[in-house]
Amino acid sequence: MNVNEQPLKSPSESETITTLVVFPNDTNPMGRLHGGRLIQWMDDASAVCAQTHAEQIAVTVALDQVLFRSPANTGDIITIKARVTRAFNSSMEIFVQAWARRVLSKEKHLINEAYFTFVAIDGNGAPVAVPGVAPETAEEKTLYEDALLRKLSRSAAARKP
Ligand SMILES: CC(C)(COP(=O)(O)OP(=O)(O)OC[C@H]1O[C@@H](n2cnc3c(N)ncnc32)[C@H](O)[C@@H]1OP(=O)(O)O)[C@@H](O)C(=O)NCCC(=O)NCCS
C-alpha cells in the first residue's frame with residue numbers, strides 16, 4: 001500500500017501502445033507529419049495510460065521535454081508507447097515515445113519523446129488520489145527516480161509569473 005492507501009501498480013499494467021498510419025491530411029505540403037497531429041496522438045495514448053493506471057478520469061496538465069528528433073512522412077506507420085513513470089498524489093507522469101516505420105524499407109526510427117503530466121479528477125473536476133507506481137525494470141526504476149526532479153522543476157516553472 002502507499003500513502004494513498006491504494007495498492008501500488010507496475011508500469012506494465014497500464015502501458016499503452018497505439019499504431020497509426022500517416023495519411024495526406026496529417027501532413028504539411030511537403031508530405032511530412034504535422035508536429036501538432038503527432039502531439040495529439042501522443043496525448044491520446046498517454047490519456048489512456050494515465051486513466052488505466054488511475055482507474056479515474058484524468059486530464060492533461062503539463063507537457064514538457066518534447067523533442068522532434070526526426071520526421072515522419074505520408075505512408076509511414078507510427079507506433080506510440082506511453083508508460084507511467086511515477087504517481088505522486090493526484091498527478092502522474094507519463095513518458096511517451098513515438099517511432100516511424102517505412103513500409104518498404106522496414107527502417108524504423110524514433111521521431112519523438114515527451115513527458116506528459118496528468119491529474120486524476122472526480123465528477124466535480126477536483127483532483128483525487130491515484131495509486132503509486134512500483135517500478136520493476138532498471139529503466140523503470142531510473143524513470144521513477146528522475147521523475148521527482150522533473151516534478152519539482154515543473155512546479156518551479158508553474159510558479160513563475
Ligand atoms: C488539473 C487541475 C484539475 C488541477 O487543479 P489545481 O487546482 O491546480 O490542483 P492542485 O493545485 O491541487 O494540484 C493538483 C496536482 O496537479 C499538479 N499540477 C498542478 N499544476 C501543474 C503544472 N502546471 N504542472 C505539473 N503539475 C501540476 C500538482 O502538482 C498536484 O499534483 P499532486 O497532487 O500529485 O501533488 C486543473 O488545473 C485543471 O482542470 N486544469 C485544466 C486541465 C485541462 O483542461 N486539460 C486539457 C484537457 S484534458
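Just follow the structure's listing: the first ligand is 1, and inside any ligand the first atom is 1.
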When distances are taken from atom 13 (O) of ligand 1, the protein heavy atom at minimum range is P127 CG, 4.6 Å
Taking atom CD1 of I57 as the centre, report whether more than 12 heavy atoms of other residues, nucleotides or ligands fall under 6.0 Å from it. no
Atom 38 (C) of ligand 1 has as its nearest protein heavy atom V59 CG2, 4.8 Å
So for S90 against ligand 1, with non-hydrogen atoms under 4.0 Å, the contacting part is both
Counting from 1 in the order shown, the ligand 1 atoms closer than 4.0 Å to a non-hydrogen atom of A62 are 24 (N), 25 (C)
Atom 48 (S) of ligand 1 has as its nearest protein heavy atom T60 N, 3.4 Å
What one should report as the nearest heavy-atom pair of C49 and A82 is SG-O, 3.6 Å
Check your understanding: Counting only heavy atoms on the protein side, is anything nearer than 4.0 Å to atom 43 (C) of ligand 1?
Key -> yes
Could you check whether atom 40 (N) of ligand 1 has a protein contact, counting only heavy atoms that fall below 4.0 angstrom? no
for atom 16 (O) of ligand 1, nearest protein heavy atom and its distance come out as V119 CG2, 3.2 Å
Are the side chains of V22 and R32 in contact, using a 4.5 Å heavy-atom criterion? no
closest protein heavy atom to atom 37 (O) of ligand 1 is V61 CG2, 4.3 Å
Shortest non-hydrogen pair, R86 vs Y144, comes out as NH1-O, 3.1 Å
Return a table of donor-acceptor pairs under 3.5 angstrom between the side chains of residues 116-132 and protein atoms on other chains or two or more places apart.
from, atom 1, to, atom 2, distance (Å)
T117, OG1, R154, NH1, 3.4
D122, OD1, N124, N, 2.8
D122, OD1, G125, N, 3.1
D122, OD1, A126, N, 3.0

Near G125 (heavy-atom distance under 4.0 Å), the atoms of ligand 1 are 3 (C)
Tested for salt bridge (Lys or Arg N to Asp or Glu O under 4.0 Å) against R83, the lone hit among E13, E139, E140 is E139
Self-check item: atom 2 (C) of ligand 1 touched by protein (heavy atom, under 4.0 Å)
Solution: no
Between T52 and K9, the two heavy atoms sitting closest are O-NZ, 3.1 Å
re atom 28 (C) of ligand 1, the protein heavy-atom contact at minimum distance is K151 NZ, 3.9 Å
When distances are taken from atom 23 (N) of ligand 1, the protein heavy atom at minimum range is A158 CB, 3.8 Å
In this structure, atom 34 (O) of ligand 1 is nearest to the protein heavy atom S91 OG, 2.6 Å
ask   = Hey, is CZ on R37 packed in by over 12 heavy atoms from elsewhere, all under 6.0 Å?
value = yes
### Message
When you measure from atom 7 (O) of ligand 1 to the protein, is at least one non-hydrogen atom found at a distance under 4.0 Å?
### Response
no
Residue set satisfying salt bridge (Lys or Arg N to Asp or Glu O under 4.0 Å) with D43, at least two apart, ordered chain then number -> none
In the structure I gave you, are the side-chain heavy atoms of Q6 and E55 within less than 4.5 Å of one another anywhere? no
Just to check, does S155 reach to within less than 4.0 Å of ligand 1 when the distance is taken from its heavy atoms?
no
When only distance counts, is N89 in polar contact with ligand 1, meaning an N/O pair under 3.5 Å?
yes
* Any I77 side-chain heavy atom under 4.5 Å of V103 side chain -> yes
